[in-house]
Structures are given as C-alpha cells and as structure tokens.
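Read the structure below first, then the notes.
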Amino acid sequence: MDIKLIAIDLDGTLLNSRKGLSEYNRETLISCIQKGIHIVPCTGRTVDGIPDEVKEIPGIRYAITTNGAVVEDMKENTVIDTRLLSCDLALKILRFVDPYHVMYDPYIDRRGISEARFMDRLSEFVLTPELQKLVHNTRDVYPDIIEFVEMTNKPVEKINLFFGDMEERAKLRAELDKRSDIIVTSSISNNLEINALGATKGDGILRLASHLGISPGQTMGIGDGENDFSMILKAGVGVAMKNGSKELIEAADYVTGTNDEDGVASVIRKLVLGMKL
C-alpha cells in the first residue's frame, strides 16, 4: 500500500492496558519513519497528555489532539488548524451538565481544568489507577471551573465528562444528542466527550494530510473507540483493533490484534511495510 500518513489512537490502540508503549510497536513506528511515512498520534488527549515515550521517537512531529480539535506541529510548537468550542458555547454546556452527578473538565490551551471536589474523588467516577495518574498529570486545579472559563474567555478544545453512574450517563447523553451545535462521542465506557462541529479525528487526518500535500487515499487510521469512528471512515484505510467496539470493527477495512497483542505493529508490518510477522 502507498501509505504516507498513519494516524494512530493511543488508549486501547497504540498503548497497552498499562498505558505503555511496547518495544515491538516502537520499532515498527521507527521503521515507518525511516521510510518517510508520517506517524501521527491521533488522540482525545491534549498534546501534554501524549506520553514522552511516544513524543520522543525521532521523526514523530505532528499530532491530532482532543479528537481533532487541534492539529499541531510539535517540533515547531505551532498550531496548524483548530475547531474549537466558543467560550459562550462551552459555558452553556458546562452549566447544563453541572447539576448531574458527573466529573467535568474543559480543555483550554492544552490543559484540562478541574476542581478539588473532582480530583479528590477520582475513584468515585470509576477511573482506573492508570487513568487517575494521567488525570493528575494533565489537569490544573482551580477553585471553580465555570468561573475560570468565564475569566479566561478563551475557546475550549473539548469538554470531558466522567461518570460513576451509567444510568446518569445515558440520561445526559440523550439530552446532549439533541443538540445540533456540538459533537458528542466517547472513548471509554464511562465517559462522554464534547467537541465543536468539525472537530473529529477523521477531519483532523484530512486537514493534516492536505497541509502535508498527501492525498486522502494515502492515509491510514487505526483505533478502537467510538471517537475513532470518523477516522476509520475517512482515512484511506481504516483499521480497527480487535478490542474495539462491534460497530467500529464492522466499519473498518481491516481488523488487527488487540492493544495487548501489538495489533498496531502487526497491521503496519503486514499492509504497509510488507514484512513477515
């Protein structure tokens, strides 16, 4: 396959269940880079949330973050393209979700914004120890989230919601899905992610490919979650992890092994590098 850009989700895809990068996956990414193929982390995280072991691989330069809200050049520390929630719209959403039993955090300037009342009770929102560590490393704590957003008056990359009660999650999702001014997706079973219109991983891949002079047909997207659905459909080649959702697997061009079986390396070696497994 003539693939010039491979966009790869992190959690549940490139990273294993311990949130680590295997040596086999790492070596495979390096082999791609040596052949001039762009390896692009494509994640719901901010750029600050991309693990150093991924960012520090020589040749990984571009990233699609917060579900496609931001396309950035990490080498030059510049933003190529954005699709952000306006401050006013973000405040409307935050005030709407506040009465629910939910942990919410908007992402502004690459950082999550949280409060002590959430950070002190992470386990209540069914966060695994690995996810709790990630949250602590990527959130800044302020006395009041909504007041902070009002004060900064800046656009918001994404609003993330964590739930301890799945009935509450279903109820709030049904209400949010009625809106026509936002995109609602999910990356794990107990969260929801709210983005601006146009902020999808699939659109992010196409915008970055255009910036680099790469045709859509020369792109590959690999993922496992609901928020990966758009890139599975819009990339030239869409690959689902075996641990992905049934709907994602059915929509994909190819299915590879799980994130604990180095599924990313396996499919790249077979389809892109033409290497024996």
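Quick note: residue numbers are just sequence positions, from 1. Model, not experiment: these values are computed from the prediction.
In this structure, N195 CG and N67 CG are separated by 4.5 Å, a value rounded to the nearest 0.5 Å. Considering CE of M241 and CG of D9, their distance stands at 9.0 Å, rounded to 0.5 Å. With rounding to the nearest 0.5 Å, the separation of CG in L233 from NZ in K201 is 13.5 Å. How far CE of M220 is from CD1 of I39: 9.5 Å, rounded to the nearest 0.5 Å. Considering CG of N190 and CG of L131, their distance stands at 7.5 Å, rounded to 0.5 Å. Note that SG of C42 is 9.0 Å distant from CG of L208, once rounded to the nearest 0.5 Å.
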Side chain to side chain contact (heavy atoms under 4.5 Å, CB included) evaluation trace for S114 with M103: CA-CA 9 Å; S114 192; M103 172 182 170; 4.2 Å; yes
Side chain to side chain donor-acceptor pair (under 3.5 Å) assessment of E72 paired with T65: CA-CA 8 Å; E72 49 200 302; T65 60; 2.8 Å; yes
Run the numbers on L15 and V54 for side chain to side chain contact (heavy atoms under 4.5 Å, CB included), then give the verdict. CA-CA 9 Å; L15 305 180; V54 174; 4.3 Å; yes
CA sep, side-chain torsions, deciding dist, call: I64, M231, side chain to side chain contact (heavy atoms under 4.5 Å, CB included): CA-CA 11 Å; I64 298 166; M231 73 170 176; over 6 Å; no
Applying side chain to side chain contact (heavy atoms under 4.5 Å, CB included), run through L161 and L172 and close with a yes or a no. CA-CA 10 Å; L161 310 176; L172 182 51; 3.9 Å; yes
Before you tell me yes or no, could you show the steps for D224 and T13 under side chain to side chain donor-acceptor pair (under 3.5 Å), namely the whole-Å CA-CA distance, both residues' side-chain angles and the distance that decides it to 0.1 Å? CA-CA 6 Å; D224 74 302; T13 302; 3.1 Å; yes
Give the intermediate values and the outcome of side chain to side chain donor-acceptor pair (under 3.5 Å) for residues S186 and N191. CA-CA 6 Å; S186 175; N191 91 325; 3.0 Å; yes
If you apply the rule salt bridge (charged side-chain N to carboxylate O under 4.0 Å, His left out), what do you find for K154 with D109, and how did you get there? CA-CA 9 Å; K154 290 184 177 181; D109 289 339; 2.6 Å; yes
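The heavy-atom pair separating I182 from L176 by the smallest distance is CD1-O, 4.1 Å. The minimum heavy-atom distance between I232 and G223, with the atom names listed, is CD1-N, 4.1 Å. Taking each heavy atom of I183 and L197 in turn, the nearest pair found is CD1-CA, 3.9 Å. Among all heavy-atom pairs drawn from R269 and T28, the shortest one is NE-OG1, 2.7 Å. Across G244 and I249, no two heavy atoms sit closer than the pair O-CD1, 3.6 Å. In plain terms, the two heavy atoms of G263 and T256 that are nearest each other are O-OG1, 2.6 Å.
In this structure, E157 contributes its side chain and R110 its backbone to a donor-acceptor pair below 3.5 Å. Using a distance-only test at 3.5 Å, with no hydrogens or angles considered, a donor-acceptor pair links the side chain of E53 to the main chain of L21. A distance-only check finds no donor-acceptor pair linking the side chain of E193 to the backbone of T185 [under 3.5 Å]. Of the possible donor and acceptor atoms, one in the side chain of K158 sits under 3.5 Å from a partner among the backbone N and O of G44. At distances below 3.5 Å, at least one donor-acceptor pair connects side-chain atoms of T219 with backbone N or O atoms of G236. Panel note: side chain T152, backbone V149; a donor-acceptor pair is recorded below 3.5 Å. Judged purely by atom type and a 3.5 angstrom limit, S210 has no side-chain atom pairing as donor or acceptor with the backbone of L206. N25 contributes a side-chain N or O that, together with a main-chain N or O of A265, makes up a donor-acceptor pair within less than 3.5 Å. Side chain of D228 to backbone of G225: a donor-acceptor contact under 3.5 angstrom is found. With T43 contributing its side chain and R45 its backbone, the two residues share a donor-acceptor pair below 3.5 Å.
Residues I8 and L212 do not share a hydrophobic cluster, defined by chaining ILVMFWY side chains whose heavy atoms lie under 4.5 Å apart. Connection of I37 to V264 is established within a shared hydrophobic cluster, with ILVMFWY side chains joined at heavy-atom distances below 4.5 Å, either directly or through further cluster members. I159 and L84 are members of different hydrophobic clusters when ILVMFWY side chains are connected at heavy-atom separations under 4.5 Å. Following chains of ILVMFWY side-chain contacts shorter than 4.5 Å, one can reach I50 starting from I6, so the two form part of one hydrophobic cluster. At a threshold of 4.5 Å between side-chain heavy atoms, the hydrophobic network of Ile, Leu, Val, Met, Phe, Trp and Tyr places L273 and V40 in two separate groups.
Here the side chains of R26 and I30 are in contact, with some heavy-atom distance below 4.5 Å. When side chains are defined from C-beta on, D203 does not count as touching R83, because their heavy atoms never get closer than 4.5 Å. The closest side-chain heavy-atom distance from R111 to D48 is below 4.5 Å. For the pair L94 and P106, the minimum side-chain heavy-atom distance is below 4.5 Å. Residues V156 and I93 are not in side-chain contact: their nearest non-hydrogen atoms beyond the backbone lie 4.5 Å or more apart. Contact annotation: the side chain of K246 approaches that of E250 to within less than 4.5 Å [non-hydrogen atoms, C-beta and beyond]. Side chains of V272 and V237 form no contact here, defined as non-hydrogen atoms less than 4.5 Å apart. Side-chain contact between D11 and K19 is present, with at least one heavy-atom pair separated by less than 4.5 Å.
No side-chain donor-acceptor contact under 3.5 Å links S187 and N227. Counted by atom type alone, E261 and S266 present zero donor-acceptor pairs between their side chains at under 3.5 Å.
The number of heavy-atom neighbours closer than 6.0 Å to NZ of K92, taken from other residues, nucleotides and ligands shown, is 12 or below. Annotation for K55: atom NZ counts as buried by contact number, over 12 foreign heavy atoms lying within 6.0 Å. Atom CD of E76 sits in a crowded spot, with more than 12 heavy atoms from other residues, nucleotides or ligands closer than 6.0 Å.
Remark: E150 engages R95 in a salt bridge, criterion side-chain N to carboxylate O under 4.0 Å. A salt bridge links D105 with R139: the distance from a Lys NZ or Arg NE/NH1/NH2 to an Asp or Glu carboxylate oxygen falls below 4.0 Å. Ionic pairing of R173 and E226 is present here: one or more N-O contacts between side-chain nitrogen and carboxylate oxygen are shorter than 4.0 angstrom.
Among residue pairs with one or both ends in residues 126-170, those qualifying as ring pair (Phe, Tyr, Trp, His ring centres under 6.0 Å) are Y142-F148; sequence neighbours excluded. Residue pairs meeting the ring pair (Phe, Tyr, Trp, His ring centres under 6.0 Å) criterion with at least one member in residues 77-111, sequence neighbours excluded, are H101-F125, Y104-F118.
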